[in-house]
Amino acid sequence: MKLRLPLMLASAVVACCSMAVTIASAESISLKFGDDGTNGDGSLVFGEGGSTTQFFGNTEIGMESVAGADWIMCSVAPMEGVTGEGFQTILSNGASVQVTGLCDWYSGGTNDFFDKWLGESSTIPSQVQVDNHGMLTYKVYIIYSTDNGSGFYAPCVNGVYYSYNEEGELIQSTAGWGNTSESSDFVVGANTIVIDNLSGNLSIVGGYNSGGNRGGLAGIQIVDTYDGTYQYRTLGSGSSVWDTAAWSSASG
């Protein structure tokens, strides 16, 4: 197990351990909602080849290009204690992921990224919580999709609502935003909202189906933005206690 301490932020602690769901890189986490990794007919998505907007093994997709097979499928199902449906898992970097919403929603398309999303209602919002992700600072891309509505609901991220104004500038607001007919690509201000300079655990309330605005989440990407130096200790390599564990350094 590693304990990493950034030289410029010595009070922050990142613990790493071996967990269940493997992520491809420590620099980012990509979560796909409303999807269990299959096509509409139940056949597997991976390894079939195809367009840039489909989930095939080596095809890169997203605002931060990630191989389709390295996205983590978050398909919700009935869960005890959850109103609506939920999904939870632990990633290989120790991060915990919990997703809740009305249901998985499939628009009947040909497995385009935007054909499936985490559904919501007027009383049940789409929500995502990612804890212990190990990033001291990060940005998040929140990708929306729907098959109706006049705009998207303003997401509440770590307690703050965000939207875009008419000039395409990110603002703190509860106003609806975006273009619900944009479903062919990732377009900032139309179906994707980008929030930078975040820290700590990530909490997202994607929104409700309310007032013509929709809160359907197609996916998110969390990207590490810390570029300082880490200092860490490793247990199990000649020491079993922190007091005598050796220090090492690495760039962020």
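Note: hydrogens, waters and symmetry copies are ignored here, and every other heavy atom, side chains too, is used.
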- line: Rounded to the nearest 0.5 Å, the CD1 atom of Ile90 sits from the CG atom of Asp131 at a distance of 9.0 Å
- prompt: Just how far is it from atom CD1 of Ile29 to atom CD of Glu64, taken to the nearest 0.5 Å?
  reply: 13.0 Å
field: Atom of Gly101, atom of Leu118 and distance for their closest heavy-atom approach
entry: CA-CD1, 3.9 Å
field: Ser107 (side chain) donor-acceptor with Asp147 (main chain) under 3.5 angstrom
entry: no
message: Measuring from atom CD1 of Ile195 to atom CD of Gln172, what distance do you get when rounded to the nearest 0.5 angstrom?
response: 9.5 Å
field: Leu202 side chain near Val157 side chain, heavy-atom distance below 4.5 Å
entry: yes
field: Single-linkage hydrophobic cluster, 4.5 Å side-chain cutoff, Leu102 and Ile143 together
entry: no
task: Considering non-hydrogen atoms only, spot the tightest contact between Gly216 and Trp117 and give its length.
output: CA-CD1, 3.8 Å
message: Do Val130 and Val128 make a side-chain contact, defined as non-hydrogen atoms from C-beta onward lying under 4.5 Å apart?
response: yes
field: Side-chain donor or acceptor of Ser163 paired with backbone N/O of Ala175 under 3.5 Å
entry: yes
query: About how many Å separate OH of Tyr208 and OG of Ser122, when rounded to the nearest 0.5 Å?
result: 9.5 Å
query: So, Asn191 side chain and Asp185 main chain: donor-acceptor pair closer than 3.5 Å or not?
result: yes
- prompt: According to the interplanar angle, ranging from 0 to 90°, do the rings of Phe152 and Tyr144 count as parallel (below 30°), tilted (30 to 60°) or perpendicular (above 60°)?
  reply: tilted
- prompt: Roughly how far apart are Gln88 CD and Gln129 CD, rounded to 0.5 Å?
  reply: 12.0 Å
statement: The side chain to side chain contact (heavy atoms under 4.5 Å, CB included) partner of Ile204 among Ile222, Val99, Val140 is Val140
message: Strictly distance-based, threshold 3.5 Å: is any side-chain N or O of Glu85 a donor or acceptor partner for the main-chain N or O of Thr100?
response: no
message: Is it the case that the side chain of Thr225 and the backbone of Tyr138 share a donor-acceptor pair, with hydrogens and angles ignored and the cut-off at 3.5 Å?
response: yes
Within one Ile-Leu-Val-Met-Phe-Trp-Tyr cluster: Tyr164 and Val160, side-chain cutoff 4.5 Å: yes
field: Exercise: identify the closest heavy-atom pair between Val188 and Met63
entry: CG2-CE, 3.4 Å
- request: Could you tell me which residues satisfy salt bridge (charged side-chain N to carboxylate O under 4.0 Å, His left out) with Glu182, sequence neighbours excluded, listed by chain and number?
  value: none
message: Under a 3.5 Å distance rule, please check whether Asp104 uses its side chain to pair with a backbone N or O of Val76 as donor and acceptor.
response: yes
task: Please report the closest heavy-atom contact between Ser150 and Thr180, naming both atoms and the distance.
output: C-CG2, 4.1 Å
Heavy-atom closest contact (Gln221 atom, Ser30 atom, distance): NE2-OG, 3.0 Å
- request: Go through the structure and list residues passing side chain to side chain contact (heavy atoms under 4.5 Å, CB included) with Glu167, not counting sequence neighbours.
  value: Asn165, Glu169
query: Under a single-linkage definition using a 4.5 Å side-chain heavy-atom cutoff for Ile, Leu, Val, Met, Phe, Trp and Tyr, are Met79 and Ile72 assigned to the same hydrophobic cluster?
result: no
task: Can you see which heavy atom on Tyr161 is nearest to which on Thr174, and at what distance?
output: CG-CG2, 3.6 Å
Linked hydrophobic residues, Ile171 as query - side chain contacts closer than 4.5 Å: none
message: Could you check whether any side-chain N or O of Asn158 sits under 3.5 Å from a backbone N or O of Ser203, counting only pairs where one atom can act as donor and the other as acceptor?
response: yes
query: With hydrophobic residues grouped by side-chain heavy-atom distances under 4.5 Å, do Tyr153 and Val205 end up in a single group?
result: no
query: Within the side chain of Lys32, is there an N or O that forms a donor-acceptor pair under 3.5 Å with the backbone of Phe113?
result: yes
- prompt: Can you tell me how far the CD1 atom of Ile220 sits from the OG1 atom of Thr192, to the nearest 0.5 Å?
  reply: 12.5 Å
task: State whether the side chain of Glu120 and the backbone N or O of Ser126 hold a donor-acceptor pair below 3.5 Å, judged by distance alone.
output: no
- prompt: Can any side-chain N or O of Thr89 pair as donor or acceptor with the backbone N or O of Val97 at less than 3.5 Å?
  reply: no
message: Under 4.5 Å between side-chain heavy atoms, counting indirect links through other Ile/Leu/Val/Met/Phe/Trp/Tyr residues: same cluster for Ile124 and Phe87 or not?
response: no
message: For Phe33 together with Trp105, are the ring centres under 6.0 Å from each other?
response: no
- prompt: Side chains of Asn197 and Thr137: does their closest heavy-atom pair fall under 4.5 Å?
  reply: no
- request: Return the orientation label for the Phe186 and Phe114 ring planes: parallel under 30°, perpendicular over 60°, tilted otherwise.
  value: tilted
